[in-house]
2 protein chains.
Amino acid sequence: MSGPKSRKPLADSVAVHDQVYDAIRQALITGRIAPGVGVSLRSLAAELGVSPMPIRDAVRRLVAERALEINPANKRLSVPSLTAGRLEQLSMARLWVEPELAARAAPHADAALIKRLRELDAAVDEALKLGDVDAYMTANHDFHFALYQRAGAEVLLAMAGGLWLQIGPFMRVVFGRVGADGLVADRHAEAMEALKVQDAEGARRAIAADLSEGMDKMRAAVEAGR
Amino acid sequence: MSGPKSRKPLADSVAVHDQVYDAIRQALITGRIAPGVGVSLRSLAAELGVSPMPIRDAVRRLVAERALEINPANKRLSVPSLTAGRLEQLSMARLWVEPELAARAAPHADAALIKRLRELDAAVDEALKLGDVDAYMTANHDFHFALYQRAGAEVLLAMAGGLWLQIGPFMRVVFGRVGADGLVADRHAEAMEALKVQDAEGARRAIAADLSEGMDKMRAAVEAGR
DNA sequence: CTCCAAAAACTGTGATCACAGTTTGCGGGG
DNA sequence: CCCCGCAAACTGTGATCACAGTTTTTGGAG
């Protein structure tokens, strides 16, 4: 109304291939698509109700992020299988980059962040109580990345996102074998305490411990499952 | 010849989009495409003599690897600009993952690897002497990754590859400002000495020092150039 | 029932076209 | 000379089709 020039260059409309990317990514993170199974462009297209074209874009991106695999022999798509070696490398990488992000975010922690984290942690606990695996995975992911985003480290944040995407399928396997209540979220409280006083090293330690415990459980599950 | 069934399912023919990927990747690593400049699918297609379709696939991959950027406003493509923050994050990440790869590769070092590394290091020196920037970049890249590949750590290797891709444009800027002879390759010799006796920690230190020196020069160049 | 070969279905890849939004270039008025 | 406005060129996106290779299904012979 009163706007002299309603500068609205748009570019708002989210591209279809981005929506497709998010959909597949979510399915991968929550483990809805099991490791080892094959997928195809047209089947995904039919399932999501779009043409194969945006699927192609999204899949290309996911392959680059190693969240999907492409068989070099017949060029067919599949979700990467779980191996002990892969898990070990992913664990080590996460254990380096995520605590670093937490430490960098600590100085920028404010009341709004704490509040948001508390809500997400409550959602985590709620999902654990209900045994809702998908909800737990989503809430846990959102908790970590709401924190990491405050680090203002775009490159490291992208690395963490890629690692989480790759390790998502492992998590589902853990839940399938040991049950969701095998994981405790106490470290989240520890992290929030550190953030309240902007204690970077405390946040680093808390997140490192949180990851370490989770990864240990995954490793045990993978070793037991072979 | 005694093979009962010469199983040869093929799948050899390299896809066009992979060739395109390599071409653009090489152009970025060697810095032939300057940071900040815009590119377009059709212009790349015309330059490489293919249809826009495989370009699209390759670009999608490079965007996922953060080697190319896509302006969220007008969705146009460009090479990411150099910022001190980006360089700092990339340095820190490289300084963690690459020495780790060197240390993991050390136990698997054999005479063939040493020989190959010596050749590549000679190529590095040769390129430095001639002032051939492209040749130096290529040889230096090949030296590092010939070593890293022996680590047998696919996930970490891919991370290192992605980081190198992102930092490539920075290197070219350094050469443009301080000259190629500003960089010494002595650390390569130090690394090879450690590899001869399969000294993992020695290899780790040598590669860390090599990177550290290079990144310092880049940082100085970036700070001086603003 | 077993085994093998032909056919049908499905796979990723690449090309071409249409479309809407953005940028650029050019011309004319002030 | 400056600046505004319109048109042409260019941008990424999505759909559709064709093709070659692979897998799966099918059907018939032994």
Side-chain angles (χ1 to χ4, degrees), chain A residues 4-25 28 33 36-81, chain B residues 4-25 28 33 36-81:
Chain A
K5 297 203 302 180
S6 168
R7 183 77 65 100
K8 191 150 159 302
L10 250 303
D12 47 351
S13 61
V14 187
V16 179
H17 67 82
D18 278 326
Q19 302 178 27
V20 170
Y21 171 81
D22 287 336
I24 303 181
R25 176 191 174 95
L28 251 27
I33 307 182
V37 309
V39 296
S40 80
L41 300 183
R42 288 172 177 85
S43 67
L44 287 171
E47 191 170 343
L48 297 176
V50 297
S51 94
M53 203 60 234
I55 304 281
R56 211 166 140 174
D57 287 339
V59 160
R60 195 65 69 183
R61 190 171 158 192
L62 289 162
V63 168
E65 289 170 321
R66 318 215 130 225
L68 286 180
E69 217 172 31
I70 173 169
N71 184 333
N74 57 10
K75 293 146 182 288
R76 272 176 161 79
L77 284 170
S78 64
V79 183
S81 294
Chain B
K5 298 201 302 181
S6 166
R7 183 79 65 102
K8 189 151 161 301
L10 251 299
D12 46 352
S13 61
V14 186
V16 179
H17 66 82
D18 278 327
Q19 304 178 27
V20 169
Y21 171 82
D22 287 336
I24 304 180
R25 176 189 174 96
L28 287 171
I33 308 182
V37 309
V39 295
S40 81
L41 300 183
R42 288 172 176 86
S43 67
L44 287 172
E47 191 169 343
L48 297 176
V50 298
S51 93
M53 202 61 236
I55 304 281
R56 211 165 142 175
D57 287 339
V59 159
R60 196 63 70 183
R61 191 169 157 194
L62 289 162
V63 168
E65 288 171 320
R66 317 213 130 229
L68 286 179
E69 215 173 34
I70 174 170
N71 184 334
N74 57 11
K75 295 148 181 288
R76 272 179 165 79
L77 284 172
S78 62
V79 182
S81 293

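By convention in this document, chain letters (A, B, ...) are assigned in the order of the sequence lines, proteins followed by strands, and residues within each chain are numbered from 1. Just the heavy atoms: all of them, side chains too, but no hydrogens, waters or symmetry mates, feed the values below. The shown structure was predicted, so the numbers you read here are calculated from the model rather than taken from an experiment.
One atom, CG of B/Asn74, and another, P of D/dG12, lie 9 Å apart when rounded to the nearest Å. Residue B/Arg76 contributes atom CZ, which lies 9 Å from atom P of C/dT22 at whole-angstrom precision. One atom, CG of A/Asn71, and another, P of D/dT22, lie 11 Å apart when rounded to the nearest Å. Rounded to whole angstrom, the span from the CG atom of B/Leu77 across to the P atom of D/dT11 amounts to 10 Å. Counting to the nearest Å, the P atom of D/dT11 and the CD1 atom of B/Ile70 are 14 Å from each other.
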Close N/O contacts between protein and nucleotides 14-18 of chain C (under 3.5 Å):
| residue | atom | partner | partner atom | Å |
| --- | --- | --- | --- | --- |
| C/dG14 | OP1 | B/Val16 | N | 2.4 |
| C/dG14 | N7 | A/Arg56 | NH1 | 2.9 |
| C/dG14 | N7 | A/Arg56 | NH2 | 3.0 |
| C/dA15 | OP2 | B/Ser51 | N | 3.3 |
| C/dA15 | OP2 | B/Ser51 | OG | 2.0 |
| C/dA15 | O5' | B/Ser51 | OG | 3.3 |

Please output the side-chain donor-acceptor pairs of residues 48-58 of chain A that fall under 3.5 Å, not counting sequence neighbours, one pair per line with the distance.
| residue | atom | partner | partner atom | Å |
| --- | --- | --- | --- | --- |
| A/Ser51 | OG | A/Met53 | N | 3.2 |
| A/Asp57 | OD2 | B/Arg60 | NH2 | 3.3 |

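Sorted by first and then second residue, the salt bridge (Lys or Arg N to Asp or Glu O under 4.0 Å) pairs involving residues 62-72 of chain A (not counting sequence neighbours) are A/Arg66-B/Glu154.
Not a single side-chain hydrogen bond (donor to acceptor under 3.5 Å, both in side chains) links A/Asp22 to another residue, sequence neighbours left out. With sequence neighbours left out, the side chain to side chain contact (heavy atoms under 4.5 Å, CB included) criterion links B/Val63 to B/Val59, B/Leu68, B/Ile70, B/Leu77. Scored by the side-chain hydrogen bond (donor to acceptor under 3.5 Å, both in side chains) test, B/Ser78 finds no partners at all (sequence neighbours excluded).
Nucleic acid contact for B/Val63: none, since no nucleic acid atom lies under 4.0 Å from a heavy atom of the residue. Note on A/Val59: nothing from the nucleic acid sits closer than 4.0 angstrom, heavy atoms only.
At a threshold of 4.5 Å between non-hydrogen side-chain atoms, the residues A/Arg61 and A/Asp18 count as touching.
Taking only side-chain nitrogens and oxygens, A/Ser40 never comes nearer than 4.0 Å to OP1 or OP2 of C/dC10.
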